[in-house]
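Here is the structure we will look at.
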Amino acid sequence: MTDARACEIRSTCPYCGVGCGVRLRPTGDGGLEVRGDPVHPANFGKLCSKGSALAETLGPEGRLLSPVVRGTETGWDEALTLVADRFRETIGQHGPESVAFYVSGQLLTEDYYIANKLMKGYIGGANIDTNSRLCMASSVAGHRRAFGTDTVPGTYEDLEEADLIVLVGSNLAWCHPVLYQRILAARKTRGTRLVVIDPRRTASCDGADMHLALRAGTDAALFNGLLCAIHDADAVDEGFIPSVQGFDDALAAASSDRAEVTGLSENDLAAFYDLWIRTPKVVTIYSQGVNQSSSGSDKVNAILNCHLATGRIGTIGCGPFSVTGQPNAMGGREVGGLANMLACHLDIENADHRAAVHAFWESPRMAAAPGMKAVEMFEAVGDGRIKALWIIHTNPAVTMPDADAVTSAIAGCDFVVVSDITGANDTARLADVLLPATAWGEKDGTVTNSDRTISRQRAALPAPGAARPDWAILAEVGRRMGWHDAFDYATPAEIFREYAALSGIAGKLGRDFDISGHADISDSRYETLEPFRWPFAGERSGGRFFGDGRFYHADGKARMLPIRYRPPAAKQGPRFPFRLNTGRIRDQWHTMTRTARSPRLAAHLAEPFLEIHPRDAERLGIAAADLVRVESTQGSAVLRARITDAVQPGDVFAPMHWTGETAPSARIDVLVAPVTDPVSGQPESKASVCAVRRFEAAWYGFAIAADRLDPSCDYWARARTRAGWRAELAGATVPQDWEAEARALFGLAPGDAEAQVLIDARRGLARIAFHREGRLIAALFAGPEPVALKRDYLATLPGTEAWDALTGQPPADRPDPGPLVCSCFNVGVNTILAAIESQGLVSVEQIGAALEAGTNCGSCRPELAAILAAAHAKEAAE
Ligand SMILES: Nc1nc2c(c(=O)[nH]1)N[C@H]1C(S)=C(S)[C@@H](COP(=O)(O)OP(=O)(O)OC[C@H]3O[C@@H](n4cnc5c(=O)[nH]c(N)nc54)[C@H](O)[C@@H]3O)O[C@H]1N2
Ligand SMILES: Nc1nc2c(c(=O)[nH]1)N[C@H]1C(S)=C(S)[C@@H](COP(=O)(O)OP(=O)(O)OC[C@H]3O[C@@H](n4cnc5c(=O)[nH]c(N)nc54)[C@H](O)[C@@H]3O)O[C@H]1N2
Ligand code: SF4
Ligand SMILES: [Mo]
């Protein structure tokens with residue numbers, strides 16, 4: 001037997017910014033076996049639930065396989081000629097500012113480099129912005145203000161060397177699971193303290209030493225309070241302060257803020273401040289609860305102020321640590337993907353930097369000023385200032401604030417090009433020209449993770465259909481627009497070499513991003529490139545930043561900024577009494593175009609929901625499993641109520657993932673107001689205001705089917721299962737003819753398939769199953785109340801000979817596993833509860849030993865701990 005592992009291809013996971021290494025082995029039928037790369041420095045072999053399920057997201061289903069021009073499939077030549085001509089004409093008539101690119105932190109660095117070069121150097125405008133505007137822009141602005149450069153000083157090893165880790169606005173357990181597991185592992189030996197600062201109780205709070213459920217948006221006041229406490233405790237590092245400017249002003253501003261606005265008790269504040277001050281090795285990790293705010297940049301600087309005042313930066317085990325979201329969010333920042341940056345941490349506002357890049361590119365022109373930031377860009381699309389738009393690797397019709405307005409803007413734009421791997425997403429549907437891109441597993445390039453480690457993504461599968469890599473599509477358009485030599489690339493290695501050479505120029509201009517050690521890398525070395533942390537330039541390689549007190553402002557010093565707390569822009573009031581928080585769930589990635597294809601990922605949380613506090617729910621007459629209508633200044637949505645004290649009274653939380661494809665009434669950004677941080681331009685995605693009321697459904701339903709079902713009722717949410725599909729349904733009016741309704745739902749013509757129909761007209765109940773050749777192909781369960789059924793059991797039935805599906809109950813010998821908790825070993829909550837009770841399990845480890853749950857990726861361990869705690873609390877109460 002040959003060693004199967006010898007033919008594994010090393011690559012990087014395409015999801016979060018942890019940047020885990022993976023090993024891929026083609027299965028021969030178009031699929032891949034995926035395992036964690038045991039030697040990758042980000043994960044040492046571990047993967048989370050999403051990484052472990054990558055193999056389930058591949059294959060031809062739903063893929064865009066050829067260019068499409070206004071609904072008709074065409075060849076590349078026709079499509080790209082049209083794109084190049086339309087952009088050239090538009091620029092000719094209306095100037096370079098009349099066209100825009102909206103790109104993504106999921107692009108590879110090589111893709112990003114070409115998009116940026118084409119726009120800023122050749123088209124000569126700067127209207128290229130990225131979804132990182134919705135994600136990292138406040139951190140970028142905060143870093144640049146404090147350090148004179150956008151650099152994350154920390155490394156993953158620092159998290160293992162720290163004695164205190166503070167998570168601010170970060171649900172690390174679900175959003176950076178492998179990093180969270182690394183922290184928990186280190187904690188076992190080191191006893192690391194863990195504090196979570198989040199208005200909501202999240203999976204990251206299970207097992208934390210302290211959860212500070214502050215009032216939404218008050219982080220700056222909390223950290224201003226910490227700065228004052230540092231000063232009062234004489235904990236300022238006088239040895240470091242000469243490297244910092246602005247201490248006095250920062251302290252004066254902080255002193256005039258009141259930490260009471262956080263809503264936290266004096267005791268809790270004092271305990272946190274005391275712990276932070278007396279623990280020298282502290283890492284403050286922050287993410288979207290900080291960045292996605294109209295005061296996001298100030299929140300960042302309030303955190304950085306505390307680390308600068310204590311000199312706790314850039315040394316082992318301490319520092320501020322902005323974790324990046326997307327796999328190449330960091331690379332995008334390095335390569336100048338934002339409208340207000342140039343490549344290699346060079347500044348677009350700096351004439352010397354512009355001239356250096358211009359000379360290096362030998363380009364005909366050069367953008368002279370920052371371009372439009374995402375929210376402004378889509379406003380300009382809406383009012384016709386932007387007449388040609390190219391959207392690459394992102395789904396703004398779902399994820400931009402005020403998503404309905406963004407959808408109309410794109411629909412109304414003269415010329416829209418979308419490069420994607422699928423035509424079945426809300427943005428792609430609006431395109432004039434759709435271009436098929438190769439997906440993860442089919443393309444080559446580099447990405448940078450949260451700790452500045454650059455890793456290769458490698459192709460292990462052939463491109464399907466006519467799909468091409470994003471860099472190749474962009475370069476071809478550049479050539480067709482007339483810049484043949486400048487975009488004459490045959491491989492990503494060529495692009496990487498050019499980029500590395502440009503970074504050497506940046507290094508000479510005193511910038512920190514320098515990987516010029518790779519400027520001459522050969523094709524074969526690029527092929528085998530090992531993960532490395534920048535800088536990589538001779539003696540400057542692999543070093544730490546800022547610990548030596550050297551920063552990147554002209555005087556070499558860091559800046560502490562005077563920060564004053566500002567509340568979120570939208571005010572709660574009688575009309576919109578609730579604060580709408582939004583974010584992520586464990587097993588879905590953004591708009592689900594890939595993760596929703598995996599049955600086991602879909603099984604974790606199969607439906608969009610609104611978390612609402614029991615007191616609010618009671619007051620509004622909302623019962624468990626009811627649907628709710630959520631209304632804001634911008635729009636309206638319908639979601640399933642999830643009544644929980646994880647949110648505070650007056651706050652509600654909804655996930656961002658559902659779309660026109662999966663649950664059209666649950667597109668959450670339809671509700672989010674397009675308010676932005678004045679410095680960073682990042683939208684306040686977590687603090688809109690809204691009203692909530694019960695959605696008065698006349699009927700509720702649940703459906704299962706072997707083939708995709710296409711509901712058209714007022715509320716629906718559909719998800720994949722191993723046996724096919726499942727859907728939740730509801731409507732404001734009861735259908736006249738249930739069988740006809742069911743046939744329409746399942747796409748079955750009258751007479752097609754054998755129907756079993758159970759109607760109880762008096763109670764308004766309807767249950768209908770369809771069989772073909774003895775096998776169940778679909779079933780619908782409907783009633784006037786949310787239907788109580790063994791859903792997870794029913795979802796397994798399509799394709800089987802089940803004739804008793806309409807009972808809605810499993811037979812005695814097949815217990816219902818309940819909603820999935822461990823997606824690696826497919827273990828449901830009922831199975832876990834039964835084992836806890838029957839075997840007297842008392843720890844997550846024992847659950848693992850009994851059921852395997854939690855023993856692979858570990859992503860569900862926080863939930864296992866919560867289930868254990870709840871089961872034991874119930875036992876104690878009994
Ligand atoms: N499973 C999964 N993982 C992902 C992603 C995904 O889609 N799915 N996406 C990736 C991407 S691109 C990103 S950017 C990251 C995001 O990772 P995170 O930022 O960790 O995720 P979010 O759920 O958006 O928000 C984090 C928390 O901020 C809290 N929050 C809201 N308002 C405030 C506030 O005013 N102050 C504080 N302190 N907290 C607040 C929310 O309650 C929420 O729990 O995740 C990455 N990882
Ligand atoms: N309310 C609210 N809104 C948010 C957030 C929030 O917390 N709350 N978070 C924001 C944040 S942090 C982020 S990062 C954004 C993310 O939002 P988006 O970037 O809009 O979401 P994705 O689903 O990741 O979109 C990626 C698209 O690229 C396609 N794709 C996949 N692979 C490839 C490829 O190789 N090439 C090309 N060309 N296309 C490909 C996918 O099919 C998909 O359509 O959402 C933001 N919006
Ligand atoms: S933590 Fe999970 S999603 Fe993030 S890179 Fe690792 S395997 Fe992928
Ligand atoms: Mo993000």
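Just so it is clear, the model here is predicted, and its values are computed rather than measured. For the single chain, residues carry numbers from 1 onward in sequence order. Counting convention: from 1, in listed order, for ligands and their atoms alike.
Ligand 2 has an N or O atom lying under 3.5 Å from an N or O atom of Asp669, backbone or side chain. Distances between N or O atoms of Ile585 and those of ligand 1 include at least one value under 3.5 Å. The N/O atoms of Asn171, backbone and side chain alike, include one that comes under 3.5 Å of an N/O atom in ligand 1. Remark: ligand 1 and Gln588 share an N or O pair separated by less than 3.5 Å (distance only, no angle test). Geometrically, ligand 1 and Gln292 share no nitrogen or oxygen pair separated by less than 3.5 Å. Looking at Gln326 next to ligand 2, no N or O pair under 3.5 Å apart turns up. Some N or O of Asn581 is nearer than 3.5 Å to an N or O of ligand 1, by distance alone. Checked by distance only, ligand 2 and Thr422 stay at 3.5 Å or farther apart across all their nitrogen or oxygen atoms. Among the atoms of Arg200, some N or O lies under 3.5 angstrom from an N or O of ligand 1. Taking only nitrogen or oxygen atoms, main chain and side chain alike, Cys175 reaches within less than 3.5 Å of ligand 1. Residue Ser104 places no N or O, backbone or side chain, under 3.5 Å from any N or O of ligand 2. Geometrically, ligand 1 and Gly217 share a nitrogen or oxygen pair separated by less than 3.5 Å. Inclusion of His657 in the set of residues having an N or O under 3.5 Å from an N or O of ligand 1 is not warranted. Not one N or O of Gln288 is nearer than 3.5 Å to an N or O of ligand 2, by distance alone. Annotation: Thr202 places no N or O atom under 3.5 Å from an N or O atom of ligand 1; distance criterion only.
At a heavy-atom distance under 4.0 Å, only backbone atoms of Trp174 (N, CA, C or O) approach ligand 1. The residue Arg215 has no part lying near ligand 1, judged by heavy-atom distances below 4.0 Å. Contacts between Leu134 and ligand 2, counted as non-hydrogen atom pairs separated by less than 4.0 Å, involve both the backbone and the side chain. Here Cys135 has side-chain heavy atoms under 4.0 Å from ligand 1, and that is the only part of it that gets that close. Only the backbone of Thr438 comes within 4.0 Å of ligand 2, judged by heavy-atom distances. Neither the backbone nor the side chain of Thr427 has any atom closer than 4.0 Å to an atom of ligand 2 (non-hydrogen atoms only). Only the side chain of Ala437 comes within contact range of ligand 2, with a heavy atom under 4.0 Å; no backbone atom does.
No hydrogens or angles considered: a donor-acceptor pair under 3.5 Å links the side chains of Tyr112 and Thr130.
A heavy-atom separation below 4.0 Å is not found between Asn43 and ligand 3. By the 4.0 Å heavy-atom criterion, Met400 is excluded from the residues contacting ligand 2. Using 4.0 Å as the threshold, Lys686 has a heavy atom nearer than that to some atom of ligand 2. Within the structure, ligand 2 lacks Leu435 among the residues with a heavy atom less than 4.0 angstrom away.
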Decide side-chain contact (heavy atoms from CB on, under 4.5 Å) for Arg10 and Val39; before the verdict, give the C-alpha distance in whole Å, the side-chain angles of both, and the deciding distance to 0.1 Å.
CA-CA 10 Å; Arg10 292 173 66 192; Val39 299; 3.5 Å; yes

One pair to check against salt bridge (Lys or Arg N to Asp or Glu O under 4.0 Å): Lys443 and Glu110. What are the steps and the verdict?
CA-CA 11 Å; Lys443 58 195 245 175; Glu110 291 75 1; over 6 Å; no

How far apart are the C-alpha atoms of Thr324 and Met136, what are their side-chain angles, what is the distance that settles it, and do they pass the side-chain contact (heavy atoms from CB on, under 4.5 Å) test?
CA-CA 7 Å; Thr324 48; Met136 304 312 311; 4.0 Å; yes

Would you please test Leu108 and Thr446 for side-chain contact (heavy atoms from CB on, under 4.5 Å) and show each step?
CA-CA 6 Å; Leu108 304 178; Thr446 53; 6.0 Å; no

Checking side-chain hydrogen bond (donor to acceptor under 3.5 Å, both in side chains) for the pair His604/Glu863: CA distance, chi angles, key distance, verdict?
CA-CA 11 Å; His604 180 237; Glu863 283 157 282; 2.6 Å; yes

Please lay out, stage by stage, how Thr662 and Thr659 fare under the test side-chain hydrogen bond (donor to acceptor under 3.5 Å, both in side chains).
CA-CA 5 Å; Thr662 46; Thr659 70; 3.2 Å; yes

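The only option from Arg597, Arg594, Arg600 that meets the side chain to side chain donor-acceptor pair (under 3.5 Å) definition with Glu56 turns out to be Arg600. Between Thr591 and the choices Asn395, Thr399, Thr427, the side chain to side chain donor-acceptor pair (under 3.5 Å) rule is met once, by Asn395.
The closest protein non-hydrogen atom to atom 36 (N) of ligand 1 is Asp219 OD1, 2.9 Å. For atom 17 (O) of ligand 2, the nearest protein heavy atom (residue, atom name, distance) is Thr399 CG2, 3.1 Å. Considering only non-hydrogen protein atoms, atom 16 (C) of ligand 2 sits nearest to His590 ND1, 3.4 Å. For atom 7 (S) of ligand 3, the closest non-hydrogen atom of the protein is Cys48 N, 3.5 Å. Closest to atom 19 (O) of ligand 1, if we only count protein heavy atoms, is Ser287 OG, 2.6 Å. With respect to atom 4 (Fe) of ligand 3, the closest heavy atom belonging to the protein is Cys16 SG, 2.3 Å.
More than 12 heavy atoms of other residues, nucleotides or ligands lie within 6.0 Å of NZ in Lys50, so this atom counts as buried by the packing criterion.
Below 30°, between 30° and 60°, or above 60°: for Tyr15 and Trp589 the angle between ring planes is between 30° and 60°, a tilted geometry. Relative ring orientation between Phe609 and Phe653 is described as tilted, the plane-to-plane angle lying within the 30° to 60° band.
Relative to atom 13 (C) of ligand 2, the option among Arg133, Arg584, Gln106 with the closest non-hydrogen atom is Arg584. The option with the heavy atom closest to atom 30 (N) of ligand 2, from among Glu684, His393, Met136, Arg63, is His393. With atom 26 (C) of ligand 1 as the reference point, the heavy atom nearest to it among Gly169, Gly583, Ala173 is part of Gly169.
Between Asp651 and Arg215, no side-chain nitrogen of the basic residue sits less than 4.0 Å from a carboxylate oxygen of the acidic one, so the salt-bridge criterion is not met. By the 4.0 Å N-to-carboxylate-O rule, Arg667 lies close enough to Asp426 to be salt-bridged with it.
Atom 8 (Fe) of ligand 3 has an N, O or S atom of Cys13 under 2.8 Å away, backbone or side chain. Here Cys857 fails the criterion, with no N, O or S atom under 2.8 Å of atom 2 (Fe) of ligand 3. For atom 4 (Fe) of ligand 3, the N/O/S atoms of Cys20 include none lying under 2.8 Å.
Here the side chain of Glu684 pairs no donor or acceptor atom with the backbone of Pro674 at under 3.5 angstrom.
Within the 4.5 Å cutoff, the side chain of Val300 has heavy atoms near those of the Tyr286 side chain.
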